[in-house]
Number of protein chains: 2
Amino acid sequence: MGEQQPTQVGVDVDVVVVGAGPAGLAAATALADAGRTVAVLEARGRVGGRTWTDTVDGAMLELGGQWVSPHQTALLETIERLGLTTFPRYRAGESVYVVDGEAVRYEGDFPIDPDTVDELDRLIGDIDALSHEVDPDAPWDHPRARELDTVSFEAWLREQTDDAAAAHLAALFIGPAMLTKPSHAFSALQALLMAASADGFANLVDEDEILDRRVVGGMQLVSIRMAEALGDAVHLGAPVRRIVRDDDGVVVVADGVVARGRRVIVAVPPNLITRIDVQPPLPRRQHQLHQHLSLGLVIKVHAVYERPFWRDAGLSGTGFGPDELVHELYDNTNHDDPRGTLVGFVSDEHADEAFRWSDEERRERILASIARYLGPEALTPTVYYESDWASEEWTRGAYAASYDLGGLHRYGADQRQPVGPIHWACSDYAGHGYQHVDGAIRSGRQAADDVLASLR
Amino acid sequence: MGEQQPTQVGVDVDVVVVGAGPAGLAAATALADAGRTVAVLEARGRVGGRTWTDTVDGAMLELGGQWVSPHQTALLETIERLGLTTFPRYRAGESVYVVDGEAVRYEGDFPIDPDTVDELDRLIGDIDALSHEVDPDAPWDHPRARELDTVSFEAWLREQTDDAAAAHLAALFIGPAMLTKPSHAFSALQALLMAASADGFANLVDEDEILDRRVVGGMQLVSIRMAEALGDAVHLGAPVRRIVRDDDGVVVVADGVVARGRRVIVAVPPNLITRIDVQPPLPRRQHQLHQHLSLGLVIKVHAVYERPFWRDAGLSGTGFGPDELVHELYDNTNHDDPRGTLVGFVSDEHADEAFRWSDEERRERILASIARYLGPEALTPTVYYESDWASEEWTRGAYAASYDLGGLHRYGADQRQPVGPIHWACSDYAGHGYQHVDGAIRSGRQAADDVLASLR
């Protein structure tokens with residue numbers, strides 16, 4: 001119990017990659033394409049990281065990252081190269097806005113006080129303009145980086161408007177919807193990075209842009225196909241415990257595998273880097289910066305019905321409720337599936353509260369919230385499931401990592417700095433595509449390029 | 001290279017303790033006193049954790065925690081029980097205040113604008129009063145906990161006063177001086193916990209209280225004596241890699257030692273808990289909360305001179321400079337030592353900057369800052385040393401851990417919750433004595449009491 005694995009496979013390659021999520025697999029693919037030998041060591045028994053397409057009670061569910069946006073060109077190009085196809089999210093019909101428990105059907109602007117709509121539009125315009133000033137690959141270089149990073153997004157929004165409702169709604173697009181943290185817990189600069197990473201705040205606000213399409217067969221296929229092409233180079237069930245580094249390379253010790261390489265790309269979320277015993281230890285700045293990043297918390301709720309009943313009522317399945325337990329809701333029906341699937345999200349402090357309830361009560365309350373959007377038929381799905389990434393030891397939160405107040409301008413520039421033969425890649429460190437599969441791929445490719453350059 | 005140790009000692013005890021800092025050793029001592037068998041597994045080759053009394057170039061230096069305050073009764077009682085003695089910090093004579101590079105000698109109030117002195121006194125009084133409302137063992141129970149935890153201490157101070165200089169000085173007592181973070185990076189509630197843990201803000205502001213005495217022979221002796229009494233139960237050089245838990249107990253796997261026990265007390269700083277592979281994994285709340293705690297950053301500077309030359313000039317060696325590189329300075333001369341020792345601190349963002357300089361430039365600039373307090377004799381110490389805890393893999397910062405904005409009220413109540421047979425202890429989780437050896441001892445004893453109760 002607890003002792004070393006009885007057998008230990010030894011491999012000797014150019015580059016060892018830790019983690020078989022999209023970042024690690026994109027890095028390994030780029031290295032293999034360049035003629036380098038690689039070994040990918042993955043802790044889990046599957047590839048895909050925070051993308052995971054699984055069948056639960058007979059229903060195919062996207063348990064993790066799933067959407068594709070037009071601006072995510074690295075992902076789109078990868079999908080095409082892997083022979084995969086996409087389909088649009090269903091969005092025909094009216095959306096629903098829930099306030100004080102009452103549903104209001106609408107198209108276009110939120111069905112709220114027109115003055116607040118105008119003020120929200122103004123705010124969105126201002127934040128969008130500011131986000132275009134921010135380089136997602138170096139937000140810390142913005143001339144006002146320190147100022148914007150030392151004020152919470154919540155406090156910053158209060159400075160921008162006297163309309164509390166407009167500020168609350170603007171915060172929703174970044175807080176619960178993206179960083180899955182309360183808007184007091186991250187900075188205005190972190191919010192602008194999120195927006196800049198999607199080519200501007202306007203794209204985050206537009207669900208037709210940010211939640212445009214899905215992969216037929218599931219987003220995990222992106223990782224599965226990349227892993228298939230890498231063949232025996234991918235080792236599953238091989239959590240990396242130790243990296244011993246010197247100027248000539250690394251020895252990477254995982255359960256069951258010892259891999260020697262000239263370089264290693266660590267492609268795990270930053271909150272897990274500390275789990276690896278690095279010898280000699282990482283430098284001071286790395287020790288510090290890992291402590292200032294945290295993954296958010298969100299419950300992704302899946303409810304599958306015999307039919308997508310809401311469509312009959314002329315509803316798209318899209319819903320927003322700034323004070324609802326389920327603050328956003330979408331039609332998540334699979335391609336060519338007669339059943340209807342809804343996906344809803346319970347974010348940050350709402351998720352804290354929901355996890356205090358019993359499983360039954362949580363299910364009941366979450367379905368009641370969905371029913372406030374779409375009516376009582378929503379109360380009786382044939383399949384109900386909650387993704388719980390925070391309980392997974394190889395993730396510990398969702399969707400992704402962001403800095404605490406002041407951390408981004410203070411430590412951000414260090415995060416991708418190689419430490420001798422150790423390079424870093426993950427969606428959490430991406431500029432363009434930050435927090436998304438698109439960013440994971442970009443980050444993986446960038447690390448591969450850097451490694452290739454260093455090996456020349 | 002990197003493989004398992006060739007020999008593995010097996011021990012079987014009632015309680016395994018991870019970490020031989022004052023928290024772990026206090027826990028083990030209490031358990032042994034109660035007739036339980038213990039094994040203490042320590043990663044380093046020494047005991048003491050963040051207390052470390054070492055001889056550098058012939059000078060005995062307190063590289064880590066060192067001071068004893070009258071309100072730290074658990075520490076005082078431990079010191080006495082271990083047969084150790086204390087001596088007062090030298091403080092006779094005038095202090096020095098440096099502003100715009102100019103030194104002003106003073107006694108009593110800071111030699112600044114009297115209106116600012118009055119406003120600072122008012123602020124200190126208000127914060128002190130509020131800190132007495134906060135239970136250091138449960139700051140999250142304060143009726144305004146959420147409100148106070150979702151505003152940065154910096155922003156909160158701005159709401160309390162229009163006098164920017166007074167706000168800046170009030171922030172210094174908690175930010176650079178205690179949490180070693182910029183005051184935008186922690187909440188007002190976290191600041192109040194810091195104050196409440198020392199029996200009120202007035203105690204933190206009064207250096208004669210908070211920095212009252214030292215241990216003859218060094219603070220590490222507290223840990224060394226406790227470890228000596230525990231004898232063979234303490235295993236050095238035994239970093240814990242894995243804890244396998246079930247309802248009946250734990251197997252704790254360290255390099256060279258496998259310890260079986262009915263309970264384990266993990267007595268390491270919270271940023272290191274993640275380094276241990278726990279099976280089955282820790283629950284969601286533990287996964288999340290560890291990501292919201294971070295150790296601060298401070299350089300403790302030691303300068304030793306042939307004589308305590310400042311005393312000849314009627315100076316105490318105490319100095320404050322709110323905008324100086326070395327923002328606080330003290331006479332740290334050892335008991336019965338003819339040489340004079342100064343200790344100064346370079347905190348948070350100043351430390352970031354200082355670590356970007358070469359070793360020579362950093363030494364030169366730091367000594368220049370000290371010389372602005374005490375004159376040019378300070379430029380030429382016989383021994384100069386900088387404690388660099390952030391580079392130590394078994395610490396990764398200094399002095400201690402605090403929550404990010406919003407983290408304390410959201411996660412604090414979970415931090416000491418046992419997980420099956422796993423209990424937690426560390427100064428970072430202490431209420432009274434938080435961040436200090438006093439809190440470490442209290443936290444260790446509390447964990448021991450909880451374990452004893454659970455074993456009954």
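For the numbers below, each heavy atom of this structure counts, side chains included, while hydrogens, waters and symmetry mates do not. The chains referred to below are lettered A, B, ... by the order of the sequence lines, with proteins before strands, and numbering in each begins at 1.
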Taking the side chain as everything from C-beta on, heavy atoms only, tell me whether [X] gets closer than 4.5 Å to [Y].
{"X": "B:S187", "Y": "A:H184", "result": "no"}
{"X": "B:E154", "Y": "A:L405", "result": "no"}
{"X": "A:D352", "Y": "B:Q288", "result": "no"}

* To do: Sort A:L272 into side chain, backbone, both or neither according to what part of it lies under 4.5 angstrom from a heavy atom of chain B.
  =>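 Answer is neither: A:L272 stays 4.5 Å or more from chain B.
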
* Taking the side chain from B:Q291 and the backbone from A:H290, do they hold a donor-acceptor pair closer than 3.5 Å? ->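 Not a single qualifying donor-acceptor pair exists.
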
* To do: To the nearest 0.5 Å, tell me how far B:D404 CG sits from A:K181 NZ.
  =>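 Output value for this atom pair is 6.5 Å.
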
* Asked: Could you state the interatomic distance from CD1 (B:I273) to CZ (A:R275), rounded to the nearest 0.5 Å?
  ->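 Rounded to the nearest 0.5 Å, the CD1-CZ separation comes to 13.0 Å.
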
* Under 4.5 Å heavy-atom distance to chain A, tell me which part of B:D388 shows up: side chain, backbone, both or neither. =>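 Side chain only.
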
* **chain A contact via B:A185 - side chain, backbone, both or neither, heavy atoms under 4.5 Å** =>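 Contact with chain A: backbone and side chain both.
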
* Asked: How close do B:L297 and A:R284 get, heavy atom to heavy atom, and via which atoms?
  ->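 Closest approach of B:L297 to A:R284: CD1-CD, 4.5 Å.
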
* **Residue among A:E392, A:R396, A:E393 satisfying side chain to side chain contact (heavy atoms under 4.5 Å, CB included) with B:P281** =>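 The passing option is A:E393.
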
* Asked: Based on non-hydrogen pairs under 4.5 Å, which of A:V151, A:D348, A:T395 is most in contact with chain B?
  ->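 Heavy-atom pairs under 4.5 Å are most numerous for A:D348.
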
